[in-house]
There are 2 protein chains.
Amino acid sequence: MDTITIKDIANLCGVGVTTVSRAINNHPDISEDTKQMILQVIKENHYVPNNSARNLKRSASKTIAVLIKGITNPFFNRMLQVFEQETQKKKYSCILQRVDENQDEIDVAIELEKEKRLKGIVFLGGYFSHSKEKLDQLTIPFVLSTIGLTQEVDQDVYSWVSVDDFQESYKMTDYLCGLGHKKIAIISAGMDDESIGKLRYEGYRKALEHHGIKFNPNLVRCMKDDIESYSMENGYAVTRELLQSGEEFTALYAISDSLAVGACKAIFEAGKSVPEDYSVAGFDGLDISFYYNPSITTIRQPAEKIAKETIRILFDLIHKKTASEHRIFAAQLMARDSTKPLK
Amino acid sequence: MDTITIKDIANLCGVGVTTVSRAINNHPDISEDTKQMILQVIKENHYVPNNSARNLKRSASKTIAVLIKGITNPFFNRMLQVFEQETQKKKYSCILQRVDENQDEIDVAIELEKEKRLKGIVFLGGYFSHSKEKLDQLTIPFVLSTIGLTQEVDQDVYSWVSVDDFQESYKMTDYLCGLGHKKIAIISAGMDDESIGKLRYEGYRKALEHHGIKFNPNLVRCMKDDIESYSMENGYAVTRELLQSGEEFTALYAISDSLAVGACKAIFEAGKSVPEDYSVAGFDGLDISFYYNPSITTIRQPAEKIAKETIRILFDLIHKKTASEHRIFAAQLMARDSTKPLK
DNA sequence: TTGTAAGCGTTATCAC
DNA sequence: GTGATAACGCTTACAA
């Protein structure tokens, strides 16, 4: 016997397949005795139902999926746990699916929706710019979570929850200006970025403007393409170049904590110190920003809250309690040891 | 029309479903013209084949799966990329499946094997102690990658690749002893750990013994159960307690880099410094160990090599070129700024 | 309470 | 080259 099926179990038990199915799926219409008997035989024979067959037949499953772009991002770790927890509370199950950098998340979503008979989807990370036509192929509700929305998107179609990357980035830059810094370098995304990278960069620009600080393009340093984006290594490489360029600056704002960590390292290696020689700030509020030495001033995103609200909205969508919702959470500026007033 | 199927496409094209299937799957027995025509119709109608149906029917698929226990671990990130890369080279696809801390990875594997018609499996992380009977339900080859094997396991049944956690941990402890340290604290796993935690702890014990250093149980500090294991936060909490206990020590060996980072923070907060007051060492060779300030002395596991070799062995297993293989890679002691000779 | 049989959407087998 | 048609392993009306 190659692989054992529900039929085999039925035969072994001397019952019909329906009865076996009922035993497996906890259906009510079955006597406790036969159920136990069947379960016993199943266990003895190590029978495992084939999921493909189940999904194919089932019209609906209590399942949602979380599609993550950039699973590397430690920021998502905290959220993932909340997603699973909250989903379980609703008696649903939650499947995690990573999406490659160069994969189209909607394609993945469409495929998965059919394959798993999903009830809803969370898109996590990355950016979002898809034609309405494409979105229409997705027949189930979805929520965008911590996704940088740079273009005007249709409020009625999309639901999302995130922080205001532009505003929070403004806040950080404003803070640095408030400390007296005027030459503030930034490690940002490439100029072609259409996501949080762009928003954070624009917040920086805006704050400089409000403080009447002349914008210096030489202080804008983009992450390197050939190194993993938003990584410590990238921050390190970029900061080394900045330092070597001889361009003067007193503060360095990295648009992610990991970049900031790399930046600090480069500064130390140049024989300088943080914050005495350079103030350094990050973004996200990763654990490491607290544990680093010095602790890094950052914008702390309320990851748990965002995750919780994402699930809440998704289920409201599923249960048709809402048509679309948008929630922007305030993030918190954590002033720590890596920044200080300019003397 | 609710959801569009292969039949609909066949009707639309005025051909049989077989022909459509052939077009989708690049089968040879189809004229280029009809194929293009069908593909066109498919595109226009946004038809996406149902994976469940495919998997159900397909006898074999060129797919392997990587089951990860503890996806949080940044150490795995580097490996994951290699897994995908190498799999693609073989024209296979690779699916990632996280396994919950309290889930049985074999159960997940068995289910997935059937559902996806897998060709092979990589088990990543965690520990491994399953009955032969259970393993036998897995009919496809698998490789254990960076899994702590504490018990004697059947060499002929399992294939694995990892570092020698015992030996490498010995190496680190030996190094600290060589620096003149005699009071070496360790942050280790719980005493019930049966995985790398145990192995690394035992390497520590052995090295102390060889150096004729009397073992002091008060210097053994286990991670806290109520905090994520191997996390910075855990290292921080444990080290605070250690510091407050008043127990004297000159070096602290944490069995992971993240723990070491947390430990350093606790030391700084106590007004002490690293390595002047305490030498601190980690394990794994995460990026952060290099970028931290001070850079952290660690054991660098050759993650890429391990990952590559894992895939190589798995495919050799799949192609029956080998019955079982075992590969232990040497890890590298990276002596950095967080440790110094005892004066 | 239980069993029979009709699909679910594909792919594989075969005949044309 | 192409098209019926029978599986694949399961769930679910419907019948008993």
Side-chain angles (χ1 to χ4, degrees), chain A residues 1-39 41-42 45-63 110-118 139, chain B residues 1-39 41-42 45-63 110-118 139:
Chain A
M1 200 185 320
D2 204 22
T3 151
I4 176 166
T5 76
I6 195 171
K7 249 185 183 164
D8 300 320
I9 298 294
N11 288 150
L12 249 34
C13 295
V15 300
V17 289
T18 315
T19 312
V20 178
S21 177
R22 284 206 257 273
I24 297 170
N25 297 292
N26 265 99
H27 273 278
D29 282 356
I30 183 173
S31 79
E32 194 55 30
D33 283 354
T34 37
K35 181 170 166 182
Q36 287 313 321
M37 185 266 280
I38 292 170
L39 256 23
V41 174
I42 285 178
N45 293 76
H46 308 300
Y47 163 66
V48 179
N50 181 313
N51 267 324
S52 288
R54 299 182 107 169
N55 291 328
L56 182 56
K57 183 61 198 177
R58 265 204 274 254
S59 45
S61 74
K62 295 180 96 174
T63 311
I110 293 170
E111 205 171 313
L112 212 58
E113 171 188 345
K114 299 192 179 180
E115 176 175 348
K116 302 282 190 182
R117 313 281 185 194
L118 297 180
T139 62
Chain B
M1 201 185 320
D2 204 21
T3 152
I4 175 166
T5 76
I6 195 172
K7 249 185 182 164
D8 299 320
I9 297 294
N11 287 151
L12 248 36
C13 295
V15 301
V17 288
T18 314
T19 311
V20 178
S21 177
R22 282 204 261 267
I24 297 170
N25 297 292
N26 265 100
H27 273 278
D29 283 356
I30 184 173
S31 77
E32 193 56 30
D33 283 354
T34 37
K35 183 171 167 182
Q36 287 312 321
M37 184 266 281
I38 292 170
L39 257 23
V41 174
I42 285 178
N45 293 75
H46 309 299
Y47 163 67
V48 178
N50 182 312
N51 266 325
S52 287
R54 302 182 104 168
N55 291 330
L56 181 56
K57 183 60 199 177
R58 264 205 274 255
S59 44
S61 74
K62 295 180 97 173
T63 312
I110 292 169
E111 206 170 311
L112 213 58
E113 171 189 345
K114 299 192 179 181
E115 178 176 347
K116 302 281 190 182
R117 312 283 183 191
L118 297 180
T139 62

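Residue numbers begin at 1 in each chain, while the letters A, B, ... track the order of the sequences. Reckoned from all heavy atoms, side chains included, excluding hydrogens, waters and symmetry mates.
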Measure from CZ on A:Arg22 to C1' on D:dT11 and round the result to the nearest Å. 10 Å
Rounded distance (Å) that lies between atom P of D:dG9 and atom NZ of B:Lys57: 9 Å
Roughly how far apart are B:Thr3 OG1 and A:Arg117 CZ, rounded to 0.5 Å? 7.5 Å
Could you go step by step and tell me if B:Val15 and B:Ile38 meet the side chain to side chain contact (heavy atoms under 4.5 Å, CB included) rule? CA-CA 9 Å; B:Val15 301; B:Ile38 292 170; 4.1 Å; yes
Rounded to the nearest angstrom, tell me the gap between atom CG in B:Leu56 and atom P in D:dA6. 17 Å
Going 5' to 3' along DNA chain C, between which two nucleotides do contacts with chain A fall, using a heavy-atom cut-off of 4.0 Å? C:dT1 to C:dG9
Counting just side-chain N and O atoms, does B:Thr18 come under 4.0 Å of either OP1 or OP2 of D:dT2? no
Would you indicate, yes or no, if D:dC10 has its OP1 or OP2 atom less than 4.0 angstrom from a side-chain nitrogen or oxygen of A:Asn55? no
Between A:Ser61 and A:Asn55 (side chain of the first, backbone of the second, donor and acceptor by atom type, cut-off under 3.5 Å), is there such a pair? no
Tell me whether the side-chain N/O atoms of A:Ser21 come closer than 4.0 Å to OP1 or OP2 in D:dT11. yes
Rounded to whole Å, the OH-C1' distance (A:Tyr47 to D:dG9) equals 7 Å
In terms of side-chain heavy atoms of B:Asp29, which of D:dT2, D:dT11, D:dG3 is nearest? D:dT2
Rounded to whole angstrom units, what separation is found between the CZ atom of B:Arg58 and the P atom of D:dG9? 15 Å
Integer-rounded Å distance: D:dC14 C1' and A:His27 NE2: 15 Å
If each end axis of the helix from C:dT1-D:dA16 to C:dC16-D:dG1 is fitted on five C1' pair positions, the angle between them, to 10 degrees, is 40°
Would you mind telling me which residue lines up with the more 5' stretch of DNA chain C, A:Val17 or A:Lys35, judged by nearest nucleotide? A:Lys35
CD1 (A:Ile30) and CG (A:Asn25) are apart, to the nearest 0.5 Å, by 10.0 Å
Could you tell me how far apart A:Glu115 (CD) and D:dC10 (C1') are, to the nearest whole angstrom? 15 Å
Shortest non-hydrogen contact from B:Ile24 toward B:Tyr47: CD1-CE2, 3.7 Å
